[in-house]
Number of protein chains: 2
Amino acid sequence: MSNSDRPISQHDVARLAGVSQAAVSRTFTDGASVSPETRRQVLEAAEALGYRPNAIARSLIKHSTKIIGIVLVRFGNPFYWYVFREFTRRLQERGYWTLLLNAAQDQQVEETLPMALQYQVDGVIVTSATLSSKMADEAARAGTPVVLFNRYELDTTANAVCCDNVGGGRLVADALLDAGHVWPAYIAGEEGSSTNRDRERGFTERLAERGHTLALREAALEYTYPAGYAAANRLLRSENRPDAIFCASDLIAMGALDCARDLGINVPEQLSIVGYDDIEMAGWPPYSLTTVRQPADRLVETSIEVLLNAIENPGQEPVIEWIPVDLVRRNSARL
Amino acid sequence: MSNSDRPISQHDVARLAGVSQAAVSRTFTDGASVSPETRRQVLEAAEALGYRPNAIARSLIKHSTKIIGIVLVRFGNPFYWYVFREFTRRLQERGYWTLLLNAAQDQQVEETLPMALQYQVDGVIVTSATLSSKMADEAARAGTPVVLFNRYELDTTANAVCCDNVGGGRLVADALLDAGHVWPAYIAGEEGSSTNRDRERGFTERLAERGHTLALREAALEYTYPAGYAAANRLLRSENRPDAIFCASDLIAMGALDCARDLGINVPEQLSIVGYDDIEMAGWPPYSLTTVRQPADRLVETSIEVLLNAIENPGQEPVIEWIPVDLVRRNSARL
DNA sequence: TGACTCGTTGTATACGTATGCAATGAATAC
DNA sequence: GTATTCATTGCATACGTATACAACGAGTCA
């Protein structure tokens with residue numbers, strides 16, 4: 001069509017409507033003072049020219065982009081798919097958009113977070129990764145609130161919303177012991193992560209409190225199905241095969257379950273398997289996984305509330321919110 | 001710490017370094033002319049103040065945000081999760097960031113796309129949704145290229161990168177007939193979608209060419225596991241049970257497979273099941289799904305190339321790229 | 001009629017950065 | 001010695017919008 005190379009600005013609209021640029025700005029700003037008549041003329045001219053306000057220019061003045069940065073580290077876990085969908089959906093409902101920062105490695109958070117800050121995001125949510133104190137300082141200096149999702153860091157200035165992973169581990173220990181298991185094993189996920197550490201700690205702690213010990217331990221190293229399969233394979237071929245396996249995530253547990261089947265081990269009669277997360281697939285009939293449910297909706301909602309609160313009330317002390325978990329009893333464990 | 005409320009700007013850095021604001025800008029602009037000495041002073045001052053360039057202000061001048069909008073409609077399908085991860089990862093490698101637009105319903109694309117344009121994104125990728133001609137016009141007027149992912153629209157001005165869904169349907173028909181199946185059924189996904197329509201068309205067309213007809217048809221309506229289970233349930237309880245089912249997606253096929261098992265039907269001896277997408281789970285042992293592989297990497301790579309090409313060379317004719325598919329033979333079908 | 005309020009409008013400026021232009025100075029060539 | 005080139009620098013302006021401020025006109029009240 002008739003494409004002048006410069007996009008339409010408020011000046012163009014103002015010229016056509018015979019008013020000042022300020023009048024145009026006011027008709028597109030809620031609560032500004034414009035007479036119905038000018039408003040009509042402006043809207044008419046805007047419609048004729050196909051004008052759309054420039055959110056970038058507006059952001060520059062208002063010192064607010066209405067954009068939230070989300071740092072996602074491990075894209076693999078389906079639990080985080082759901083979480084991510086809910087984040088974007090609920091943020092949009094509240095007038096915020098989402099800039100995604102995909103950090104393949106934990107280490108890359110150090111590079112991506114500064115980029116988010118350069119884009120002047122109003123806030124950042126960091127999922128499944130921690131923040132170095134250097135990064136936390138930088139965000140604080142920029143005045144950009146950060147919420148850690150399902151991680152916590154006691155010594156930094158970041159907010160956090162976190163499941164009680166220690167409590168989750170204890171839940172499983174109690175349930176397994178109550179049902180008479182005596183030779184429990186643990187398959188770890190990523191060794192460095194606080195979620196993995198806390199789940200294992202809660203599990204072994206509670207076992208110890210009740211006079212038992214962790215019989216065996218394997219590391220899947222990743223939160224994936226094949227890694228879970230491989231770890232279970234090592235575990236189940238050992239001399240003293242465990243009578244129960246607690247897995248650091250559902251994907252690991254599903255791999256372990258299939259491995260047990262392939263080895264001809266009956267689940268749950270000969271072996272109980274318990275997962276963690278309660279992803280959608282955990283409920284599918286061929287798995288029917290007993291697992292610790294992390295209430296994703298509540299986690300997300302709380303994170304958003306903490307973040308928006310920090311945005312609207314700058315200079316507050318960082319907050320750590322704990323979200324309780326519960327055990328979903330299905331058919332992969334004899335409980 | 002010592003927080004002056006305004007963030008640090010190039011003026012602050014310039015004052016401390018004893019140079020002009022322009023000199024600061026130049027040290028942060030590749031290829032600009034600055035002496036090593038001033039550069040050093042500027043970087044020193046910037047470091048001391050914790051200065052970071054403001055990407056929003058830069059975007060305003062350069063008429064380029066280095067942000068790509070991605071419109072995602074149905075978050076459910078794991079295939080799109082992989083696709084989304086690859087998009088963000090590869091775009092980041094090329095210096096682009098990703099603004100996510102989550103449209104729960106198809107219809108909401110009409111509302112979200114204009115928002116992306118207001119944020120001056122350099123381009124838009126629309127996955128699993130079509131574009132009204134009104135929206136296409138608006139994007140064209142804004143000079144923002146759009147690439148439809150796995151959809152095509154012959155009459156609009158949008159680019160498209162698309163799998164040969166008709167060809168995929170034909171592949172399956174040939175494979176099933178070659179193996180001696182005589183009573184094939186189809187489980188449809190979302191009725192309106194072009195992917196669903198084309199897959200079914202290719203399947204039935206090829207059946208007809210070889211003197212067969214589609215025996216039965218059911219609609220899952222959604223691309224989900226439970227919907228696939230329910231549709232298969234209706235299909236397999238009917239009088240003339242099919243000897244093969246072609247499903248519009250892998251998730252539907254996995255639901256159908258579990259339904260067949262629950263009904264005591266042997267797969268693949270009594271019933272062949274074929275899916276579409278080749279998501280990661282399709283390869284897991286308990287499913288081992290025979291399916292049509294959509295080469296996600298190639299789809300994504302091509303989409304990015306088409307989009308970046310359109311960004312760098314404005315005013316080009318829209319392009320439609322076709323990507324071939326192939327059949328992955330596993331154990332859910334007797335082929 | 002004059003003083004006052006109040007809603008509307010335009011002017012001017014600011015947000016933080018990039019860049020065209022002219023000025024400066026050093027280095028080179030004759 | 002002068003003329004010329006060239007890299008570097010600061011000044012000024014532009015990007016598109018929001019808003020403080022003052023000006024204006026209409027209306028109200030005394």
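Lettering follows sequence order; numbering is per chain, from 1. Because the structure is predicted, anything quoted here is derived from the model rather than measured.
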Please report, rounded to the nearest Å, how far the C1' atom of D:dA14 is from the CD1 atom of A:Ile56. 17 Å
Rounding to 10 degrees, work out the angle separating the end axes of the helix from C:dT1-D:dA30 to C:dC30-D:dG1 (five pairs an end). 50°
Given A:Phe79, A:Tyr80, A:Tyr82, A:Trp81, the one that forms ring-ring contact (aromatic ring centres under 6.0 Å, His included) with B:Trp81: A:Trp81
Base, sugar-phosphate, or nothing: which does A:Thr38 touch, judged by heavy atoms less than 4.0 Å apart? sugar-phosphate
Are side-chain heavy atoms of B:Ile320 and B:Asn159 found at a separation under 4.5 Å? no
Partner set under side chain to side chain donor-acceptor pair (under 3.5 Å) for B:Thr38, not counting sequence neighbours: B:Ser35
When rounded to whole Å, the CD to C1' distance for the pair B:Glu37 and D:dT9 reads 14 Å
With heavy atoms under 4.0 Å as the rule, sort B:Ser35 into base, sugar-phosphate or nothing. sugar-phosphate
Less than 4.0 angstrom between a side-chain N/O of B:Ser33 and OP1 or OP2 of D:dT8, yes or no? yes
Can you name the side chain to side chain donor-acceptor pair (under 3.5 Å) partners of A:Asn309, sequence neighbours left out? none
For the residue pair A:Tyr119 and B:Thr65, confirm or rule out a side-chain donor-acceptor distance under 3.5 Å. no
Just list the side-chain donor-acceptor pairs under 3.5 Å for residues 47-55 of chain B, sequence neighbours left out, or say none.
unit_1: B:Tyr51; atom_1: OH; unit_2: B:Gln10; atom_2: NE2; d: 3.3
unit_1: B:Arg52; atom_1: NE; unit_2: A:Glu138; atom_2: OE2; d: 2.3
unit_1: B:Arg52; atom_1: NH2; unit_2: A:Glu138; atom_2: OE1; d: 3.2
unit_1: B:Arg52; atom_1: NH2; unit_2: A:Glu138; atom_2: OE2; d: 2.6
unit_1: B:Asn54; atom_1: OD1; unit_2: B:Ile56; atom_2: N; d: 2.8
unit_1: B:Asn54; atom_1: OD1; unit_2: B:Ala57; atom_2: N; d: 3.1

Could you give the CD-to-C1' distance, from B:Gln118 to D:dG16, as a whole number of Å? 13 Å
What is the distance from CG of A:Leu49 to P of D:dG16, rounded to the nearest Å? 14 Å
So does A:Arg298 pair up with A:Glu301, basic N to acidic O under 4.0 Å? no
In terms of side-chain geometry, is the basic nitrogen of A:Arg90 or A:Glu93 positioned less than 4.0 Å from the acidic oxygen of its partner? no
What is the distance from NE2 of A:His63 to C1' of D:dT17, rounded to the nearest Å? 12 Å
Once each nucleotide of nucleotides 17-27 of chain C is scored for protein heavy atoms under 4.0 Å, what B/S/- sequence comes out, 5' to 3'? BBBB-------
Side chains of B:Ser59 and B:Gln120: do they bring a donor and an acceptor to under 3.5 Å? no
Is it true that A:Arg15 and A:Asp12 make a salt bridge, defined as a side-chain N closer than 4.0 Å to a carboxylate O? yes
With 3.5 Å as the limit, what N/O pairs link the protein to nucleotides 22-28 of chain D?
none

Would you kindly give the CG-to-C1' distance between B:Leu60 and D:dT17, to the nearest whole Å? 8 Å
Any donor and acceptor pair, going by atom type alone, linking the side chain of B:Gln92 with main-chain N or O of A:Asn102 inside 3.5 Å? yes
